[in-house]
Colleague: 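Let me give you the structure first, and then I'll get to my questions.
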Amino acid sequence: MIACPCPVCHSTDEKDKRLRSSILVESSTTRIVVDTTPDFRYQMLRANVTKLDAVLFTHPHKDHIAGLDDIRAFNYFSGKPMPVFANEMTQEVIIREFPYAFTDFRYPGVPEIQLNTIATDPFMIGDIRVEPVQVWHLKMPVLGFRFGAFTYITDANRIDEAEKQKIHGSKIIVLNALRREKHISHFNLDEAINMTHELGVPEAYFTHISHQLGKHADVESELPEGMHLAYDVLTITMDQH
Ligand SMILES: [Zn+2]
Ligand SMILES: [Zn+2]
């Protein structure tokens with residue numbers, strides 16, 4: 001956190017140096033990013049991503065959309081608009097926050113965005129099947145996404161029973177765990193642990209972590225078996241089906 005004097009913000013452990021939450025999902029032919037954070041440009045440079053097939057959005061909060069302008073580098077090298085998949089609520093905010101990308105006469109070099117409306121039905125991006133899972137971020141419906149046996153859920157503090165069914169059978173889940181104290185719109189650490197047990201997913205990684213949670217090494221050592229704190233540039237390889 002900017003200007004914060006706490007030991008986590010001053011830790012020398014690379015796993016305590018966290019940018020905003022986002023993931024890259026890839027098969028042998030298709031590469032998708034979920035959310036374009038304010039750190040998107042640096043995240044793409046750091047991971048040396050030279051080709052991106054689509055962007056998928058969970059919800060329209062600033063820490064999940066602010067980096068969208070920087071997809072223009074991908075436009076430049078691909079010569080094509082970027083397919084963006086978002087629900088109507090998120091699209092409204094994207095159009096409001098990046099109006100210059102949606103006017104009839106656009107300044108050369110602005111991001112070229114091709115909007116695709118999604119709801120809760122599964123859809124394909126290249127050879128990757130995407131199944132939305134709708135979760136609650138206080139009162140905002142947020143989309144989690146299931147890709148094969150991998151489920152990604154950020155920015156949630158509640159999941160309806162019917163949506164839990166869509167998660168069952170996943171081998172790996174990513175869940176947000178903001179801090180130890182209760183929070184109005186995010187799972188805290190205990191809630192994320194309990195939700196993982198309840199969903200019966202054998203392997204879990206917690207993300208969207210605040211500096212208030214503590215140092216990576218300390219928290220990691222106290223987590224139940226199969227549960228881990230995620231960290232920047234963590235890579236998970238698994239069977240697509
Ligand atoms: Zn949010
Ligand atoms: Zn967030």
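Read the numbers this way: they start at 1 and go in the same order the structure lists the ligands and their atoms. None of these values were measured; they are calculated from a predicted model.
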Colleague: Determine, step by step, whether Phe206 and His228 satisfy the ring pair (Phe, Tyr, Trp, His ring centres under 6.0 Å) criterion, reporting the C-alpha distance in whole Å, the side-chain angles of both residues, the deciding distance to 0.1 Å, and the verdict.
Modeller: CA-CA 6 Å; Phe206 301 137; His228 305 277; 9.0 Å; no
Colleague: Tell me whether the centres of the aromatic rings in His10 and His211 are closer together than 6.0 Å.
Modeller: no
Colleague: Which atom, among the N/O/S set of His208, is closest to the Zn ion (ligand 2)?
Modeller: NE2
Colleague: side-chain hydrogen bond (donor to acceptor under 3.5 Å, both in side chains): which pairs involve residues 72-81, sequence neighbours left out?
Modeller: Asp69-Arg72
Colleague: What residue among Ile172, Val25, Val34 forms side chain to side chain contact (heavy atoms under 4.5 Å, CB included) with Tyr152?
Modeller: Val34
Colleague: Please give me the protein atoms (N, O or S only) lying under 2.8 Å from the Zn ion (ligand 1), ordered by chain and number.
Modeller: His59 NE2, His61 ND1, His137 NE2, Asp155 OD2
Colleague: Can you list the other members of the hydrophobic cluster that holds Met1, where links are side-chain heavy atoms under 4.5 angstrom apart?
Modeller: none
Colleague: Can you list every pair that meets salt bridge (charged side-chain N to carboxylate O under 4.0 Å, His left out) and has a residue in residues 24-33, with sequence neighbours left out?
Modeller: Glu26-Arg31
